[in-house]
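Beneath this line is the structure, given in structure tokens, with notes to follow.
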Amino acid sequence: MKDLAEAALNAAQIKGAAYADVRLDERVQQDITVKNGQLAAVSDDASEGFGVRVLVDGAWGFAGSARLKQDEVQEVVERAIRIARASARARSVPVDLGPPVTSRGHYRTPVERDPFTVPLTEKVELLLRADQAMGAVKGVTIREGSMEFIKQTKVFASTEGAYTEQELYESGAGIEATATSPDEVQNRSYPNSFGRHQGAGGYEYITALELDRHGQRIGEEAVALLLAPQCPSGVRTLILDASQVALQVHESCGHPTELDRVFGMEAAYAGTSFMTPEKLKHLQYGSPKVSITADALTPTGLGTFGWDDEGVPAQRSFLIQEGLFVGYLTSRETASVLGQQSNGTMRADGWNRIPLIRMTNVSLQPGDSTLEQMIAETKDGVYMETNRSWSIDDKRLNFQFGTQLAYEIVNGKRGRMLKNATYAGITPEFWNSCDAVGGKSEWQVWGLANCGKGQPPQVAHVAHGAAPTRFQNVKVGILK
Amino acid sequence: MKSIEVARLTEEGELKRFMVGLLQRSPAQQTEVMVTEWDSALTRFANNGIHQNVAERDVSVRVRVVKDGKTGVASINQMNESAASDVLNRAVAIAELQPKGEVVPMPGPAKSQRVETWSDATASATPEERADFVEAICARAKRAGLKAFGAYSTGAEQLAIANSLGVLHHHRSTKATVNSVVMGEAGSGYADRGAIDVRQLDKNDLADEVIDKAQRNQNAQPIEPGVYEVVLEEYAVAEMLEFMSFTGFSALAAQEDRSFMRPGERITGESVNIWDDGVDPSGVPTPFDFEGVPKQRVNLIEGGVASGLVYDMQTAQRAGRQSTGHGLPAPNTEGPFAVNLFMGPGTTPKADLASDIKRGIWVTRFWYVRVVHPKASIITGMTREGTFLIENGRITRPVKDLRFTQSMLDALNGTLAISQSTKLEISEYLGAARVPAVRLKAFTFTS
Ligand SMILES: [Zn+2]
């Protein structure tokens with residue numbers, strides 16, 4: 001590995017690169033799906049390769065290949081250089097990376113039980129037990145459970161002298177029960193929706209979820225939802241469960257604070273951001289209850305690592321402090337435009353893609369309330385749990401979310417179950433209406449393994465710490 | 001200089017020898033091997049300049065084995081003898097270590113239609129050619145006092161699939177796509193193009209459309225949300241079709257009672273015809289699916305009536321019929337997927353679609369569409385980069401982007417006119433849709 005990295009950097013310098021870095025990346029992944037009482041899919045995927053990023057005449061070039069061979073290294077470097085020269089013909093301002101980054105070291109995700117040594121039968125049996133619990137509920141028509149394990153070995157080396165090695169582990173699982181009627185499809189899932197709950201760690205992360213203990217409950221809820229009344233339309237107090245808050249933070253704070261989006265680098269695809277530089281330290285993004293950090297050191301977070309893919313050490317910084325917008329997620333190139341230094345958020349989706357600014361663990365800091373207390377204080381409201389649909393505009397202002405489950409809240413008490421619940425709002429108005437955040441005991445880190453960005457498309461695994469949170473005067477019940 | 005840039009794919013004979021060798025070596029009762037190999041490049045631009053510029057070569061060798069009624073799947077991204085043994089061993093180990101499950105049958109050999117989807121010009125496109133194309137768009141935007149953003153990609157790919165029952169298919173293809181957003185001080189426009197042959201992408205034609213759209217979409221004012229008559233351009237129609245495919249056209253969705261399709265019933269306006277055709281050269285054809293079954297044309301909605309679904313081997317077995325050639329790579333729990341979509345053209349010139357609208361909205365494209373209620377086919381999303389008010393048959397002014405929450409079937413039930421021209425929209429992931437622009441009687445904007 002080290003030889004190939006050195007060869008790539010030498011070749012790049014000889015051919016005229018002012019800066020070059022190389023990433024060698026090896027990933028193994030196991031996926032297991034159990035459906036309707038049967039093992040439906042098991043796969044074991046392996047991928048390895050390397051990517052070389054070069055700066056020539058102030059412009060970027062990148063090329064990657066799956067063939068880890070010396071002759072291929074030479075050819076890939078040549079390709080990257082030629083691409084960079086073509087970029088230079090049509091670039092705007094030259095790239096300035098700011099001060100050099102010279103990190104060295106080794107990082108490994110803390111793992112108690114290596115998921116790749118856990119027998120397949122043990123994993124399948126756990127999923128089958130959870131499946132059985134869902135299957136015991138009359139009216140559940142589809143049951144599905146899945147697990148995913150990833151081990152990634154990464155080497156990063158640059159012409160500035162950085163050399164880091166990382167071994168990153170992820171473990172994830174989830175179950176879902178579906179019930180249908182002629183007009184409706186209702187589902188309930190645990191612990192989160194869209195497949196899985198995932199974290200940086202070993203099999204202990206899966207064991208702690210106790211999947212089999214939640215099968216029956218979600219089955220019963222899915223069936224009950226078919227008969228529940230539709231969430232009525234109105235402007236109400238809204239209380240969200242922690243997992244939905246996590247997604248709300250992701251879409252309405254994580255993405256708009258990505259500095260590459262702010263500078264238009266994603267404009268033709270994911271969009272731009274309403275959080276432009278003149279608003280920094282001026283915009284009252286939320287109420288004083290709202291503090292949001294980006295923290296790549298959070299235990300079990302999918303955005304936890306030793307160094308980012310530019311070699312910048314993992315760190316913690318504030319994006320929102322007591323409601324005030326105070327910081328961005330940055331890279332070397334974008335930070336230098338604002339006269340700052342990168343806060344280490346550049347990550348690539350494998351060896352064949354360039355790093356982009358990605359959320360690390362972007363978390364709403366715990367407050368001092370509890371879910372019980374929030375409900376008790378609410379006269380007329382709706383409680384919503386577990387995401388079902390999400391959509392937000394390209395500047396990250398106008399959003400609409402739907403959840404799997406909801407309850408009405410009447411005079412401080414939880415009332416009827418409601419189906420097809422949705423809520424909508426405008427980002428700063430919404431966060432400024434936040435008047436209670438749950439405390440440490442209800443605060444949890446939620447993994448999100450499907451964040452899309454970039455062209456060609458990349459998927460990032462990120463996380464969000466969140467607790468149940470309350471908002472006032474929110475438009476709910478968009479479906480009539 | 002040009003020679004090193006020709007897309008490098010393994011020669012067909014060598015690829016087939018590798019696959020047959022792997023099959024012969026397998027200790028399982030049934031074995032399938034699928035190879036996807038690609039060499040692609042993408043030049044990205046922002047603020048009138050190139051800011052990211054990448055290329056990659058990769059391969060995926062995917063093996064499925066069935067042993068004693070148990071299935072294992074493994075993949076590796078190397079193509080050599082030791083990789084073949086490794087991936088085969090891992091697939092077999094998975095099969096051996098598991099309890100019995102449902103076995104998805106493998107198809108036997110069947111002839112697939114040959115369709116030409118290769119262009120030497122695309123396969124040998126250089127970084128300099130991509131840079132020149134991008135530079136031309138940026139220069140036009142700059143002259144107009146605007147800023148261009150976007151991505152231009154070219155690539156070559158081959159897909160081959162073989163199994164121990166005698167299936168052996170091979171197909172190679174090229175693809176070139178470009179998308180662009182052009183922004184002014186107070187608004188933006190959008191355009192994209194896609195083709196098998198890069199020479200069909202016309203930079204001036206693209207620049208004309210996106211710059212015109214951006215210039216007309218400055219200083220948009222808000223408009224009251226509500227139900228409006230609309231014209232949806234092809235970008236929006238293609239996206240809607242993809243969501244219909246995703247939620248309703250699959251036999252698995254129907255078998256699991258999740259689909260909005262009600263077989264034999266009229267579910268949209270009578271002028272609506274939607275089908276899937278994997279071998280029509282006016283789309284982005286692939287003659288066989290990821291299980292090695294030749295693609296059949298499937299009429300999905302015919303004269304407004306729900307008329308068909310797409311099947312893979314598993315859903316076909318459950319229904320006691322043949323696969324239509326819409327399987328995804330193993331192991332697949334998502335069911336079949338229609339990815340070569342077509343919506344039939346109408347008789348109205350696109351420019352005349354608005355002429356009978358008293359008050360309505362012209363929508364260029366959708367953004368961030370998500371399913372809100374699958375069975376009622378309700379989706380939500382935003383309009384983006386070109387939303388205009390139509391008054392007395394004419395576009396009068398740009399309006400601020402709106403959020404819609406709308407049943408797709410209800411919307412298509414009010415189809416008043418369909419353009420006589422169609423446009424090819426290549427999907428970012430898989431397949432493509434060739435669609436017209438449409439005029440719809442009622443579309444619900446919620447904020
Ligand atoms: Zn995201």
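Chain identifiers are assigned alphabetically (A, B, ...) following the order of the sequence lines, protein sequences preceding nucleic acid strands; residue numbering begins at 1 within each chain. Here the structure is a predicted model, which means the values were calculated and not measured.
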Which portion of B:Thr333 sits near chain A, non-hydrogen atoms under 4.5 angstrom: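 Contact with chain A is through both the backbone and side chain of B:Thr333.
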Quick one: what part of B:Glu256 sits under 4.5 Å from any heavy atom of chain A, side chain, backbone, both or neither?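 Contact with chain A involves both backbone and side-chain atoms of B:Glu256.
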What closest approach, in Å, do [X] and [Y] show between heavy atoms, and which atom pair accounts for it?
X	Y	value
A:Arg89	B:Asp132	NH2-OD1, 2.5 Å
A:Leu120	B:Ile94	CD2-O, 3.9 Å
B:Ile50	A:Ala86	CD1-O, 4.1 Å

Without hydrogens or angle criteria, can the side chains of B:Tyr368 and A:Glu251 be said to hold a donor-acceptor pair below 3.5 Å?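 Side chains of B:Tyr368 and A:Glu251: pair found under 3.5 Å.
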If you measure only the distance, is there a donor-acceptor pair under 3.5 Å linking the side chains of A:Gln455 and B:Tyr152?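 There is no such pair between these side chains.
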Say whether, by atom type as modelled, one donor and one acceptor occur between the side chain of [X] and the main chain of [Y] under 3.5 angstrom.
X	Y	answer
B:Arg403	A:Ser391	yes
B:Asn47	A:Ser92	no
B:His51	A:Arg91	no
B:Asp58	A:Gly49	no
B:Gln78	A:Ala66	yes
A:Arg79	B:Ala55	no

At what distance, to the nearest 0.5 angstrom, does CZ of B:Arg258 lie from CG of A:Asn187?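 So the CZ of B:Arg258 and the CG of A:Asn187 are separated by 9.5 Å.
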Test side chain to side chain donor-acceptor pair (under 3.5 Å) applied to B:Asp257 and A:Thr178, A:Thr180, A:Thr141, the passing residue: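 Single pass found, and it is A:Thr180.
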